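Scroll down for the structure; my scribbles are underneath it.
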Protein chains: 2
Amino acid sequence: MTDTETSSSQLAPTLSAVAKRAGVSSITVSRVVRLPDLVAPETRARVEKAMRELGYVPNLVAGALASAKTNSVGVLVPTIANSIFADTVQGLSDKLEPLGYSVILAQSRYDAAREDRMLAALLSRRPEAIIMVGSPATEDGKRLLRHARIPIVETWELPIDPIDAVAGFDNYEAGVAVARHFIAQGRQHLAFIGGDDPRGTRRWLGFHDHALASGLRPPRRLILERNASGSVAAHANLPGVDAVFAANDAHAIGFMAGLRKAGLLRDGPASAQPVAVIGLGDLEMGRLISPSLSTISVHGDAIGRTAATLTLERGGERRIDLGFELVLRDSG
Amino acid sequence: MTDTETSSSQLAPTLSAVAKRAGVSSITVSRVVRLPDLVAPETRARVEKAMRELGYVPNLVAGALASAKTNSVGVLVPTIANSIFADTVQGLSDKLEPLGYSVILAQSRYDAAREDRMLAALLSRRPEAIIMVGSPATEDGKRLLRHARIPIVETWELPIDPIDAVAGFDNYEAGVAVARHFIAQGRQHLAFIGGDDPRGTRRWLGFHDHALASGLRPPRRLILERNASGSVAAHANLPGVDAVFAANDAHAIGFMAGLRKAGLLRDGPASAQPVAVIGLGDLEMGRLISPSLSTISVHGDAIGRTAATLTLERGGERRIDLGFELVLRDSG
DNA sequence: ATTGCTTATGATAGCGCTGTCATCAGAAAT
DNA sequence: ATTTCTGATGACAGCGCTATCATAAGCAAT
């Protein structure tokens, strides 16, 4: 018998199976797992041996029910692929996993109905907190969260009326900052390209309002699919534009590819660009391409880590502005 | 009283609270949630009203314990940020979420010990399957999975001795394909840059073996940090090299940035490049930059969706090779 | 009237743990 | 010798559900 854990039923061994084998009560086995200091060394050794021999893996589902603690957090993002939200998920899970929390991940795909379903699905697993990108799109979603009586962290925004805690930055001000920079550069004809999700729209609003307030003609806005390829052709729809704010770096890089084809991209500094381009996200890639991409840098992983902290500590500041940074390189 | 669900204790309402309010037994409420067809329409309406009034959210933790079905799958990836694995996670969760499964996500961070811990943590939540990138790095990890008696899907590789199911492609052959292409192009001095994780190493091996078998001098191998910035400087360490296979597109783009600085990058076609570069992953960005990036295209999302299918269907082919494609553009 | 079948509902017993007391030595303090 | 405390262990109930079997009513067929 090479595998001591063979034979016996197909079923996973339980606490009491281990207990029986070690000649102790099951509560003692439970303590060996959770509070080993309360168990005498010899007993502990005996129990640990039995656990090894049986290949015991604790059943956290049962544990969670009994203790009313699931040690899990629900995380809801619009999408995880090709997205800066992955940084946030990484940040929060790096903080949470070592503490024994598991991350239950759900994607809304920018769909309000799916978001509500995912929220309900998450909540029925009784996570100890919910971290989401943005705010619930519907009143139903908000009510669900408000009644859950667990920490809720909204991220990537600074909602006026948050459900509970917030870790984000001011998308409106990001738009303002870009517009201000373009204007200081002497650009006259501004445009905004990107999605029309809530955060993109806030950026657009800030961009738009500041341009108007500075006496410019209203900027143009082009709503694009979420993949960058559409932005390659965007330039054709923006005649006369000399400065573009892209809602994310992927769109910015796509747009620059279009400019290159049109012969409107220089390898020189921003001042030499016929059309200035600024993105958002500060993808590593933006630093590497030529001309290098100017961008609004936001710290996606810091948002995740901060959100994690907010789920762990009740009390203290519940609204954290992580800010952003206008990083100027050669594109704009 | 605007909120009917207020007052009453702080505790979340249970099945039997709903039952009492609706004047039925709790099992009937359970049926309304799971098997509504078994309940008479009027009874169902009464129960649904009570659920709404109380703001009832089913407790899947209890349900899972009672039914021995958690409706969850554990997913283990090395990392999720800036990574093509995000596509795989998206693919599998798009397939699984509509079926009522939740994704429990864990990251190993390319650390064998952390991987083992995460595997044990996942397993203790009794997922109905585990999907992971690659194979467990340790024997302990393998044993854990083998004893779990649930579907296990290893992805992004085609291990010789899989634990259960596999959805991936042949990394060795990808290396061979790139070497073959370089050689056909008349390149003489090959190099490989990238990480030394198992998949990267397989690619290197194929690349190396094929170069040798074709009579070339042994390719050089440069092991880099996981972020692309290191690859910018890589060229200095590879004098005389005229063709580079980067283990992923980010490294390839970083390397090209270095070449550009060194004046070794042309906007022309591959034949005009002093140093040919081929990446792996087929990032959208690679298409957009100039010169456009040649790459091994792998379908990360298809891997995820296939893995999901493999967890749902026992029986049938358990080893699926999704293949790869050498996509030739201007960089090599 | 009896049997059999279907539909709608309920009673009961757990699922595998943990919280909350007990219990019982043995040591220390009175 | 008695009390008190500490350390180690256990008994027991119960977390909120579901599986399983039972029950009752209604109705058709014998």
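Values in this document were obtained by computation on a predicted structure and should not be read as measured data. A note on names: the letters A, B, ... follow the listed sequences, proteins ahead of strands, and every chain is numbered from 1.
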Check every strand shown and say whether A:V61 touches a base, only sugar-phosphate, or nothing at a heavy-atom separation below 4.0 Å. nothing

Charged N-O contact under 4.0 Å between B:R109 and B:E115: no

Please state whether the phosphate of D:dT9, meaning OP1 or OP2, lies under 4.0 angstrom from any side-chain nitrogen or oxygen of A:T43. yes

Going by an N to O cut-off under 4.0 Å, is there a salt bridge joining B:K49 and B:E53? yes

Relative to the 5' end of DNA chain C, which residue comes earlier, A:T14 or B:R31, by the nucleotide with the nearest heavy atom? B:R31

Between C:dA11, D:dA11, C:dG16, which nucleotide has the shortest distance from any of its atoms to the side chain of A:I27? D:dA11

Atom pair distance, as rounded to whole Å: CZ in B:R126 and P in C:dC17: 7 Å

Considering only heavy side-chain atoms of B:L15, the closest of D:dG14, D:dT18, C:dG10 is D:dT18

Can A:R202 and A:E157 be counted as an ion pair, charged N to O under 4.0 angstrom? no

Rounded to the nearest Å, what distance is computed from the CG atom of residue A:L38 to the P atom of nucleotide D:dG10? 13 Å

For B:A68, answer base if it contacts any base atom (sugar-phosphate contacts may also be present), sugar-phosphate if it contacts only those atoms, and nothing otherwise; contact means non-hydrogen atoms under 4.0 Å. nothing

Non-hydrogen atoms of A:T155 and A:A307 that approach each other most closely: CG2-CB, 3.9 Å

Between A:V24 and B:Y56, which is nearer to the 5' end of DNA chain D once each is assigned its nearest nucleotide? A:V24

Can you check the B:R44 CZ to C:dT7 P distance for me, whole Å? 15 Å

Out of D:dA19, D:dG16, C:dG19, minimum distance to the side chain of B:R34 belongs to D:dA19

Identify, between B:A66 and B:P41, the residue whose nearest nucleotide on DNA chain C lies closer to the 5' end. B:P41

Taken to the nearest whole Å, CZ/A:R125 to C1'/D:dC17 is 14 Å

Nearest-Å distance for atom pair CG/P, residues B:L54 and D:dG16: 14 Å

Looking at C:dT18, D:dA11, D:dA8, which one has an atom nearest to any side-chain atom of A:S25? D:dA11

Is the phosphate of C:dT9, meaning OP1 or OP2, less than 4.0 Å from a side-chain N or O of B:T28? no

Between A:L65 (CG) and D:dT18 (P), how many Å, whole number? 12 Å

Interatomic distance, A:L60 CG vs C:dG16 P [rounded to whole Å]: 14 Å

Between C:dG19 (P) and A:L35 (CG): distance, integer Å: 8 Å

Less than 4.0 Å between a side-chain N and a carboxylate O, is that true for B:D161 and B:K142? no

